[in-house]
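One structure below.
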Amino acid sequence: MIELLGATKRFGAKCAVDRLDLEVRPGELFAFLGPNGAGKTTSIKMICGLLSPSAGEARVGGRPSSSPEARRLVGYVPDQPYLYDKLTGREFLRFVVEMHDIESRRGERRILELIDTFEMGDFIDELCESYSQGMKQRVVFASALVHDPRALVVDEPLVGLDPRSARIVKDLFVSQARAGCAVLMSTHLLSIAEELADRIGIVDHGRMLAVGGLAELRERMQHEGPLEDLFLKLTSDSRPGTRAAANGVAP
Amino acid sequence: MNLAVDAPPVTPVTPINPDRTARALRRLRWRLTVNTVRAVLHGSRLRLSMILGCSLVFWVGLFVLFLGGFEFIGLNDEFFHSIFEYLFSMFFLSILVMLFFSSGIITYSGLFQSREGTYLLSMPATPDRIFAYKFFEGVGLSSWGFFLLGSPLMVAYGLTIHAPALFYAMFLIYLAMFVLLAGSLGSIAAILVANVFPRRQRSVLALAVIVTIGVGAALGSRLWKTPGEALSADWLGNLQNRLAFCQHPLWPSRWMSAGLLAAARGQWQRTGYYLMVLSAHAALAYLAAAAVARDLMYRGYNLIQGGRTSRRRWGLQALDDVFHRVFFFLPRPIRLLLLKDLRTFRRDPAQWSQFFIFFGLLAFYFLNIPRLGYAVQSPTWRNLVSFLNLAVTALILSTFTSRFIFPLLSLEGRNFWVLGLLPVERSQILWGKFAFSVGISLGATLALVFLSDLMLDMSPLMIALHLAMVVVLCTGLSGISVGLGARLPNLRETDPSRIAVGFGGTLNLLVSLVFIFAVVTALALPCHLYYLGVENPESSRMALSHAGFRFWLGAAMAMGLLIGAAGTILPLRIGIKAFERMEF
């Protein structure tokens with residue numbers, strides 16, 4: 001469903017993403033891990049069609065990610081979500097429903113379901129400018145799901161969420177994946193990746209260092225410890241001036 | 001448990017009806033407008049009434065000015081009609097250039113640099129629909145001033161020549177078409193700049209502005225040097241010759257002036273012809289802009305995002321050293337805090353460019369005082385002009401302090417706790433910001449008022465008095481802005497212009513205006529009455545004798561100092577108290 005095929009993105013002289021290959025299939029929950037500046041957000045923006053690869057391809061549902069058809073398949077929650085301050089949460093969700101050309105009665109039903117799921121009934125009719133960070137995050141999640149996307153792309157999913165909301169979001173990831181949606185989440189929280197992900201990709205300096213299920217990664221790295229140790233070992237080895245351990249680890 | 005399945009090569013997608021997304025965007029605009037108006041009506045009444053009141057005063061002022069001007073020009077009957085056509089063509093040509101730049105800049109930032117632009121590009125709408133949505137927002141923002149300026153001009157003109165009632169409806173349609181044309185051309189330029197110079201947009205803008213100002217200055221200088229006695233028949237004839245370039249039949253400004261003048265005279269066939277020419281070109285320009293957006297908007301966005309590189313900021317250590325030396329009397333932590341504000345100021349062109357543009361224009365006007373002949377007028381007249389110049393300088397300074405000094409504390413925003421934990425007394429932080437504001441504003445305003453007085457050939461005593469008044473005004477305006485900024489901070493807002501137009505900012509501007517009025521009137525009144533008496537002792541019972549002048553000037557100076565001290569100390573005390581009580 002989500003594919004990066006040798007995708008490269010250069011910002012001037014800097015190569016943010018370097019020949020990255022990635023595939024997330026329907027029903028799969030993929031965790032994208034990497035240190036700050038590793039190229040995760042750039043890769044996600046290429047998947048969502050906001051950036052074009054300098055080389056290679058980004059595809060969603062077999063179509064170029066920048067096409068309106070591909071964007072229709074994607075639900076995107078960015079790391080810095082945007083809401084219109086002068087709309088209420090409900091008005092914002094209605095706007096997204098209309099933009100996706102969903103029949104209005106079906107859209108209203110879906111909005112009510114999501115208000116219930118994310119427990120937004122208390123504040124959904126207030127202007128977004130009065131929301132806390134957690135409230136905004138919940139509305140943004142609802143807006144990404146309101147059109148039943150086939151691919152859910154989430155950049156840092158748990159920023160600003162309280163433990164209860166975080167639990168709701170984690171359960172939702174799993175239920176979306178089980179319903180056949182391809183879920184790609186980028187995160188710094190290794191525990192979430194360990195807890196939820198079917199497959200994990202570790203990226204640094206724009207290159208995929210390792211990809212696979214947790215057990216597979218452990219076996220390949222001959223490392224039995226927690227994911228954190230594995231992550232630190234891989235990313236510290238890939239830092240400039242250290243031994244390039246990526247050799248033989250990347251898929 | 002991984003339940004992943006293989007995806008089909010191409011996932012089927014029901015196509016979206018583009019009209020639905022266009023309708024969704026139209027509804028979004030409507031909903032945002034309704035909610036904003038509702039919030040304004042239920043929110044700050046003071047702010048709303050200030051905006052409406054100032055707009056009304058501005059409109060009426062312009063109307064009276066234009067009406068007087070038209071009636072004056074109308075005295076020269078033989079040139080009456082032709083001079084208006086030339087003047088209107090010139091006016092609309094200038095507006096065309098301004099609208100081109102302003103709508104281009106607003107569309108550029110709306111499409112390529114705003115978070116909303118990024119969000120909309122992630123939605124399944126076609127680029128031309130997103131462009132249409134942002135275009136009309138940009139054109140609205142860039143052209144409201146033109147309507148505020150153009151409508152009193154047209155109404156005054158219509159009344160002067162007794163135009164038929166339909167003229168008043170017609171000029172609104174003409175203005176709307178003109179705005180659409182200029183906005184479309186500006187938007188095309190913005191999208192092309194994003195595609196061709198994604199990393200050089202500021203340089204392109206600066207170059208274009210410099211070239212435009214250069215051409216404008218050359219034309220202005222040529223008009224200024226029109227031979228002949230001002231307003232004589234020869235002079236008007238020569239002026240027409242020099243304005244002939246703006247009458248070229250391919251200029252949209254020419255279509256505007258010819259069509260509007262025809263409408264005012266009831267020549268409906270000619271009015272309709274020019275309206276069709278103008279609207280056809282406006283529609284074509286918009287169509288071209290939408291096509292350019294459809295094909296190049298995503299590319300431009302992508303190039304701009306991909307073109308971002310980290311830019312090393314050079315510290316300009318020498319400037320920092322000078323700052324430390326000048327403000328040696330302040331504690332070092334305060335100086336460091338001020339240095340942060342100063343660096344923010346110099347790295348934000350929006351701040352210093354406005355400062356330089358406004359004060360630069362004033363300096364240009366003051367330098368041209370001899371040319372205007374004010375310096376050879378009577379002492380009463382020169383005294384009046386000198387006080388008016390002083391008041392204008394103070395008014396511009398008050399907009400500067402309201403726009404940039406008042407939001408200083410609010411802009412600390414989420415980092416407010418840093419101030420709270422600094423190893424200095426909180427009052428010192430505010431005194432530091434006060435010193436920063438006085439330091440920045442004093443140099444420029446003293447130089448300007450001194451220049452104005454020199455050009456007006458004022459006496460040393462009056463120059464000294466004016467300079468002392470500048471000191472009082474600078475300290476007072478700084479005290480008001482820093483004090484009220486601490487008393488009414490808006491810690492949730494990160495945009496200084498929004499902080500400035502909020503309740504606190506509006507109140508700050510209002511208090512500043514009252515303060516300027518009080519200080520200037522207190523000193524200007526006895527001086528004016530004295531010079532009135534010197535010029536014509538029999539003319540007025542209100543005129544002051546020399547002895548009376550000395551007494552009343554002394555009293556006015558004491559009053560001015562009192563108002564200045566109150567304007568400085570009271571707001572600062574209120575601000576310091578509030579700041580000391582503030583919890584982080």
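Below, read A as the first sequence line, B as the second, and so on, with proteins coming before strands; counting in each chain starts at 1.
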Inset, instruction - Among the options Pro124(B), Ser122(B), Ala22(B), pick out the one with the most heavy-atom pairs lying under 4.5 Å from chain A. - result: Pro124(B)
Legend entry - Pair Phe136(B) and Tyr286(B), ring centroids less than 6.0 Å apart: yes
Legend entry - Toward chain B, the part of Glu129(A) with a non-hydrogen atom under 4.5 Å: backbone
Inset, instruction - Flag the pair Asp155(A) and Lys40(A) as a salt bridge only when some basic side-chain nitrogen lies within less than 4.0 angstrom of an acidic carboxylate oxygen. - result: no
Inset, instruction - Among Leu121(B), Thr21(B), Leu28(B), single out the residue with the greatest number of heavy-atom pairs under 4.5 Å to chain A. - result: Leu28(B)
Inset, instruction - Using non-hydrogen atoms and a 4.5 Å limit, figure out which bit of Leu83(A) sits close to chain B: side chain, backbone, both or neither. - result: neither
Inset, instruction - For residues Phe135(B) and Tyr108(B), establish whether the separation of their ring centroids is below 6.0 Å. - result: no
Legend entry - Over-ring placement of Arg29(B) relative to Tyr133(B), 6.0 Å and 45° cut-offs: yes
Legend entry - Electrostatic pair Arg31(B)-Glu91(A), nearest N-O below 4.0 angstrom: yes
Legend entry - OG-CD1 distance between Ser186(A) and Ile44(A), expressed to the nearest 0.5 angstrom: 4.0 Å
Inset, instruction - Just give me the residue among Val24(A), Val96(A), Leu51(A), Leu50(A) that pairs up with chain B most often, heavy atom to heavy atom, under 4.5 Å. - result: Leu50(A)
Legend entry - Part of Ile102(A) within contact of chain B (heavy atom distance under 4.5 Å): backbone
Legend entry - Side chain / backbone / both / neither for Tyr76(A) at chain B, heavy atoms under 4.5 Å: side chain
Inset, instruction - Look at atom CZ of Phe197(B) and say whether more than 12 heavy atoms of other residues, nucleotides or ligands are closer to it than 6.0 Å. - result: no
Inset, instruction - Output the option from Thr126(B), Thr33(B), Thr36(B), Leu32(B) having the highest count of non-hydrogen pairs under 4.5 Å with chain A. - result: Leu32(B)
Inset, instruction - Select one option (side chain, backbone, both, neither) describing which atoms of Arg115(B) are under 4.5 Å from chain A's heavy atoms. - result: both
